[in-house]
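Read through the structure below, which is laid out as structure tokens, and then see the notes.
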Amino acid sequence: MKLSTLLLPLVAGTTLAAKTCTSNGAQDPSAYKLTISADSPALATLSAIFSAAGKNVSVSDVLDSGNRALTSSKPSIGNGNPVVHLAWNTGDENTAKWLPQGITSSADADPSGKWEDREAWIVSWHQDDDSNARVSVVDRASGKYRHVYLVRPEGDSFASVGVHAGGIVWYQNFLYVVDTSVGVRVFDLGNLWEVEIGEGLGKQADGSYVAENYRYVLPQIHYYRFSSTNGSKFRHSYISLDRSANPPTLLVGEYQTEDSTVDIRFVKYPLSPSTGRLAVNNDGVVTATEAYCTDFLRVQGAFSRNGQFVVSRSNGASKGGDLFVWTPGQAAEAHAGWFPPGNEDLSYNPVRKEWYTVTEHEGLRWIVGYDSY
Ligand SMILES: *[C@@H]1O[C@H](CO)[C@@H](O)[C@H](O)[C@H]1NC(C)=O
Ligand SMILES: *[C@@H]1O[C@H](CO)[C@@H](O)[C@H](O)[C@H]1NC(C)=O
């Protein structure tokens, strides 16, 4: 995260939020809710247009069209001994315009670990001013990847998605993307569309569709808006899937730089494996099933497994990040300097028994994976 993008939300957060955590550990989760919006009617309109034109593509089509490649590269900082260590191409390593934030894999998408028989990662990037977001769809076998632009359908066109995209989870056909103060946005991988290569965004005068020179767009289908029954706010900073829970849950957590006036919480919401959506009631509301107060500062990502939390804390652009392994009710086990600098969102892969993060700073950008913690 860049300081410039952090300052505003943090100032707003400290003035609005009231501290509810008095000690670390489990909290009553029932106050925390997410309400699903209606599915976008414009998505159906556009889906018909792109399908009729033969431009509705699959994840495999995007993987097969990979036009950039990751290379094996060992970070010089970080004592965690990654078993996966991959750098982006030179342009993506060094661009100041886009910063990688969220990571998920085909093992989140499907219990087999594969999607359309392929192993893949999806990584989210936000534009430096948060005005747009994109994802990289990465073929693990070849290292090839392709960027896909995130869009919000509107009428018979589509618009930008201004989101920080601090964390993502690929679950079945859906890509869950956190939106800091709103909640969670959801994108539909059953509707990946090929557009013409050209500048601009959306439908053009000649009827064609473009997306700032990207070849593919991924549309939002709906979103979940956060509310609490007692006025508590929540910073949706990162997200992960817990397949060890029954039903599986989405863990959403908060990034904060201090904990004397604001909360730092992990909250878990149940999924519905039969729909791929969160387990909403008849009113479209899902209530959290677990909530925890913590005192981990600068948390950029976390995942949970069998009641234990694995936590990623960043320490600026030049120092390695810290790892914590925490079972609520016990002291956390700290591994200082585990990650390369700029460690972000986390994602666990139960098939390979590996877990991943992505690092954000220019020239220090890796996908790293570990087989222990
Ligand atoms: C909101 O609800 C949570 C969970 O029940 C509780 O722990 C917290 O103290 C409440 N916050 C406020 C501001 O009342
Ligand atoms: C678009 O393609 C996806 C993946 O190949 C498929 O699941 C979906 O049904 C297609 N949509 C339409 C409207 O044909």
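It should be emphasised that the depicted structure is a prediction, and the values quoted were computed from it without experimental measurement. All ligand and atom numbering here is 1-based and tracks the order in the structure.
- For ligand 2 and S58, the ligand atoms under 4.0 Å from any heavy atom of the residue are 5 (O).
- Under the 30°/60° scheme for interplanar angles, the aromatic rings of W88 and H147 are found to be tilted.
- Interface atoms of ligand 2 facing G190, defined by a heavy-atom separation under 4.0 Å, are 1 (C), 2 (O), 3 (C), 8 (C), 10 (C), 11 (N).
- Closest of all the heavy-atom pairs between Y373 and W338 is CA-CH2, 4.2 Å.
- Within the 4.0 Å cut-off (strictly below), no protein heavy atom is located near atom 9 (O) of ligand 2.
- Between W121 and Y356, the ring planes lie perpendicular to each other; the angle is over 60°, past the 30° to 60° tilted range.
- For atom 5 (O) of ligand 2, the protein comes within 4.0 Å by at least one heavy atom.
- Of all the atoms in ligand 2, the ones that sit under 4.0 Å from a non-hydrogen atom of N56 are 1 (C), 2 (O), 3 (C), 8 (C), 10 (C), 11 (N), 12 (C), 14 (O).
- Heavy-atom contacts of S51 reach the following atoms of ligand 2: 12 (C), 13 (C), 14 (O) (cutoff under 4.0 Å).
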Give the C-alpha distance, both sets of side-chain angles, the deciding distance and a yes or no for side-chain contact (heavy atoms from CB on, under 4.5 Å) between I36 and L278.
CA-CA 9 Å; I36 195 169; L278 285 167; over 6 Å; no
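- Counting atoms of ligand 2 from 1 in the listed order, those under 4.0 Å from a heavy atom of S47 are 13 (C).
- For the pair R134 and E212, the salt-bridge criterion is not met [side-chain N within less than 4.0 Å of a carboxylate O].
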Verify salt bridge (charged side-chain N to carboxylate O under 4.0 Å, His left out) between R152 and E154, making sure each step is shown before the conclusion.
CA-CA 6 Å; R152 189 170 42 79; E154 225 175 48; 2.9 Å; yes
